[in-house]
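Below is one structure; the comments refer to it alone.
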Amino acid sequence: MSLKATSSRSRLSVGVATALRTAAELGDEESVSRMKELQNRMKDEESCVYVAFVGLFSAGKSSLINRLCEADLATGAIPTTAEVTRWVLPGTDGQAVLLDTPGIDSTYVGDHQATQSALAMADAVVLVSDYAHVESEEILQFAHDLSVQGQPLVWVVHQIDKHYEAEVSLDTFRQRLEQTLFDWDIQRERVFYTTSRLGDASTAVPVNDLPMLTQWLQDLVPRAESLTKATLIRNVRNVLQDFVHHQFADALEETEMTLMETLGFVPFSSAEAMALWTDRHARQQVLMAQRTEEQSALAEEMERTRAEFVRKVELAQIVPYETAERGRRYIESLRQGFRVSRFATRAKTEREMTRRRDEFLVDLQNRAEKFLTQPLANDLRAWIRQVAQDGGESVELSRLVDAIEIKLDGNNLAHAVKEGSLLSDAYSHQFVKDVVAQVKAQVQGKIDLFWDAAWQWRQLLKDQTIAPQVQELNHLERELNALQGWMTVAQKSAQTLMRLEGELADE
Ligand SMILES: Nc1nc2c(ncn2[C@@H]2O[C@H](COP(=O)(O)OP(=O)(O)O)[C@@H](O)[C@H]2O)c(=O)[nH]1
Ligand SMILES: [Mg+2]
């Protein structure tokens with residue numbers, strides 16, 4: 001529940017006391033004296049309303065108060081209102097106090113402080129503008145900021161005697177002003193047109209809302225209690241706010257520095273930070289999904305290509321009839337009792353065995369090169385060229401392709417023979433199949449080696465092409481973290497304020 005809605009008088013006095021203590025802790029003299037004054041106000045039997053008259057220098061604030069209160073404030077071309085002066089509005093039993101302030105455009109620090117403290121104490125505000133300077137940006141901005149504070153506010157166009165109907169009609173002037181106030185989002189209860197010059201027959205003024213302004217001021221008196229309460233709450237809240245800001249200042253500054261480094265600016269509000277975060281986060285998700293998709297597409301493509309090469313090896317026909325026949329003749333020579341001829345010497349027979357083995361060996365070697373390793377190496381080189389395009393070549397891969405060759409030797413072949421099966425007529429067929437399988441397994445092993453390297457190479461090429469994306473992702477992550485950090489501190493500070501205010505609210 002909000003403080004405003006639920007605070008009782010006793011809660012408020014606790015709040016004021018807390019604020020007083022807090023302000024003292026912070027060394028904020030200004031707030032201390034304000035809270036003390038507010039404490040005094042609470043003790044008063046009857047509530048008063050305090051109305052601050054603010055505006056640019058020489059708008060006619062003092063002259064206006066003189067008229068309203070039959071006072072004798074100094075007026076003139078030299079800034080004369082060095083401090084806040086109080087005047088009781090006649091006919092209010094002292095319950096409406098008007099505060100005259102220096103101009104808001106004063107460059108003197110003392111004046112500025114005087115105006116701020118009058119505004120802080122004020123339950124209502126009369127914004128006085130000179131007829132000739134109604135559209136001054138300074139006053140419009142000031143009025144806008146003021147009107148969001150929630151004090152009852154009226155806009156006074158003073159020195160209306162300067163108006164010349166021939167120049168612009170009063171209606172047009174009024175409409176223009178209404179539009180301007182609307183454009184600047186200035187919430188005000190009324191607009192009054194006044195002058196402190198009492199026109200005679202020759203200098204008749206077009207309008208003078210002085211009586212209406214007086215009435216509006218007098219009508220504030222019945223609202224005194226609720227207005228005072230609002231003022232108390234506003235001031236307590238300001239002190240608490242200062243306290244919380246002070247508490248979180250270092251943490252906030254740190255996160256703001258990070259924001260400046262990553263985002264380049266500090267968001268205007270938590271809402272803006274949240275919008276920025278959402279935007280960045282959405283972009284991050286898109287990029288990350290893109291990367292995952294690309295990565296799995298790459299893995300799929302690589303796996304498909306690898307499977308194609310494996311299949312090529314499997315399907316390669318490297319043993320035509322003649323070669324198989326040579327294999328059979330070799331196996332035949334290994335059988336028990338094999339002789340080249342009836343009276344052949346053992347040495348001659350052994351030479352024949354070696355001859356048959358080498359014949360098979362050389363033939364198989366040649367065919368494996370012609371029908372398996374050479375076409376395979378060519379295909380792999382073509383694949384590398386196609387993938388590399390402009391991404392550069394890989395020495396490592398070329399070396400691995402060159403290494404795809406078959407080295408058959410007699411000993412290997414002899415090892416492949418299963419002695420126990422030699423008796424069977426069908427064995428030579430099986431033997432050739434075994435040898436071919438051995439050859440192909442060798443080649444597959446080399447393809448595996450090649451493929452490991454190819455995968456790394458492919459990944460490297462990919463990383464190069466997506467480098468800008470990765471950079472963007474990294475930057476996004478830093479921005480997101482910075483925003484998150486800032487929002488967390490802002491949220492903590494808001495929560496702390498809410499808790500402090502909550503302690504002042506009724507259950
Ligand atoms: N023409 C005209 N001049 C005014 C009016 N009220 C004040 N002035 C003059 O405007 C100047 C500034 O007035 P002052 O009340 O001191 O302005 P402040 O600085 O806002 O307090 C003085 O010279 C006043 O005489 C008015 O209604 N009409
Ligand atoms: Mg003045």
Side-chain angles (χ1 to χ4, degrees), residues 50-90 96-122 124-143 145-146 153-168 170 173-174 177 186 188 190-217:
Y50 291 77
V51 188
F53 279 58
V54 292
L56 296 177
F57 157 67
S58 218
K61 301 177 289 293
S62 303
S63 309
L64 189 56
I65 292 180
N66 281 344
R67 272 273 164 272
L68 292 164
C69 302
E70 291 140 28
D72 54 359
L73 285 164
T75 63
I78 303 162
T80 42
T81 322
E83 56 184 23
V84 176
T85 43
R86 302 174 174 213
W87 292 91
V88 170
L89 186 69
V97 180
L98 311 188
L99 310 173
D100 189 24
T101 67
I104 57 166
D105 47 346
S106 171
T107 48
Y108 173 53
V109 182
D111 281 350
H112 182 75
Q113 276 173 357
T115 304
Q116 287 309 315
S117 95
L119 279 171
M121 292 308 283
V125 179
V126 173
L127 205 134
V128 184
S129 67
D130 169 0
Y131 170 84
H133 301 113
V134 187
E135 306 255 331
S136 135
E137 195 160 309
E138 194 174 3
I139 192 86
L140 289 166
Q141 183 63 54
F142 181 80
D145 295 345
L146 202 60
L153 171 91
V154 289
W155 185 291
V156 171
V157 180
H158 194 55
Q159 310 196 20
I160 193 67
D161 54 284
K162 288 181 181 168
H163 174 78
Y164 286 107
E165 192 71 13
E167 235 169 53
V168 54
L170 195 60
F173 184 87
R174 277 185 207 269
L177 180 62
I186 294 165
R188 73 281 162 191
R190 302 278 293 274
V191 177
F192 296 111
Y193 294 83
T194 60
T195 170
S196 31
R197 299 273 152 92
L198 298 176
D200 53 32
S202 60
T203 58
V205 290
V207 58
N208 196 353
D209 293 339
L210 265 177
M212 271 103 106
L213 175 58
T214 307
Q215 188 63 54
W216 183 81
L217 289 166

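Each ligand, and each atom within it, is numbered from 1 in the order the structure gives.
When Gln159, Arg197, His158 are checked for heavy-atom proximity to atom 25 (O) of ligand 1, Arg197 turns out nearest. With distances taken over non-hydrogen atoms, the option nearest atom 1 (N) of ligand 1 out of Val54, Asp161, Asp105, Asn208 is Asp161.
Per-residue contacts place Ser196 under 4.0 angstrom from the following atoms of ligand 1 (heavy atoms of the residue considered): 5 (C), 6 (N), 7 (C), 26 (C), 27 (O). Listed by number with element, the atoms of ligand 1 under 4.0 Å from a non-hydrogen atom of Ser63 are 6 (N), 7 (C), 13 (O), 14 (P), 15 (O), 24 (C). Interface atoms of ligand 1 facing Gly60, defined by a heavy-atom separation under 4.0 Å, are 13 (O), 14 (P), 15 (O), 17 (O), 18 (P), 20 (O).
In this structure, the side chains of Phe142 and Leu56 stay at 4.5 Å or more apart for every pair of heavy atoms.
Not a single donor-acceptor pair under 3.5 Å links the side chain of Asp100 to the backbone N or O of Thr85. Remark: the backbone N or O of Val97 is not paired with any side-chain donor or acceptor of Arg86 at under 3.5 angstrom. Judged purely by atom type and a 3.5 angstrom limit, Thr101 uses its side chain to pair as donor or acceptor with the backbone of Phe53. A donor-acceptor pair under 3.5 Å is absent between the side-chain atoms of Asp130 and the main chain of Ala59, judged by distance alone.
One of the N, O or S atoms belonging to Ser62 lies under 2.8 Å away from the Mg ion (ligand 2).
The side chain to side chain donor-acceptor pair (under 3.5 Å) with Asp161 is formed by just one residue from the set Thr194, Asn208, Thr195; it is Thr195.
Considering both main-chain and side-chain atoms, Thr194 never comes within under 3.5 Å of ligand 1 through any nitrogen or oxygen pair. In terms of N/O distances under 3.5 Å, ligand 1 is approached by Thr195. Looking at Leu64 next to ligand 1, no N or O pair under 3.5 Å apart turns up. The shortest N or O to N or O distance between Asp100 and ligand 1 is not below 3.5 Å.
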As a quick check of understanding, evaluate side-chain contact (heavy atoms from CB on, under 4.5 Å) for Asp111 and Phe57, giving each step before the final call. CA-CA 11 Å; Asp111 281 350; Phe57 157 67; over 6 Å; no
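Residue contacts with ligand 1 leave out Gly103, since none of its heavy atoms falls under 4.0 Å from the ligand. The shortest separation from a heavy atom of Ser58 to ligand 1 is under 4.0 Å, placing the residue in contact.
Taking CG of Leu68 as the start and OG of Ser196 as the end, the distance is 9.5 Å to the nearest 0.5 Å.
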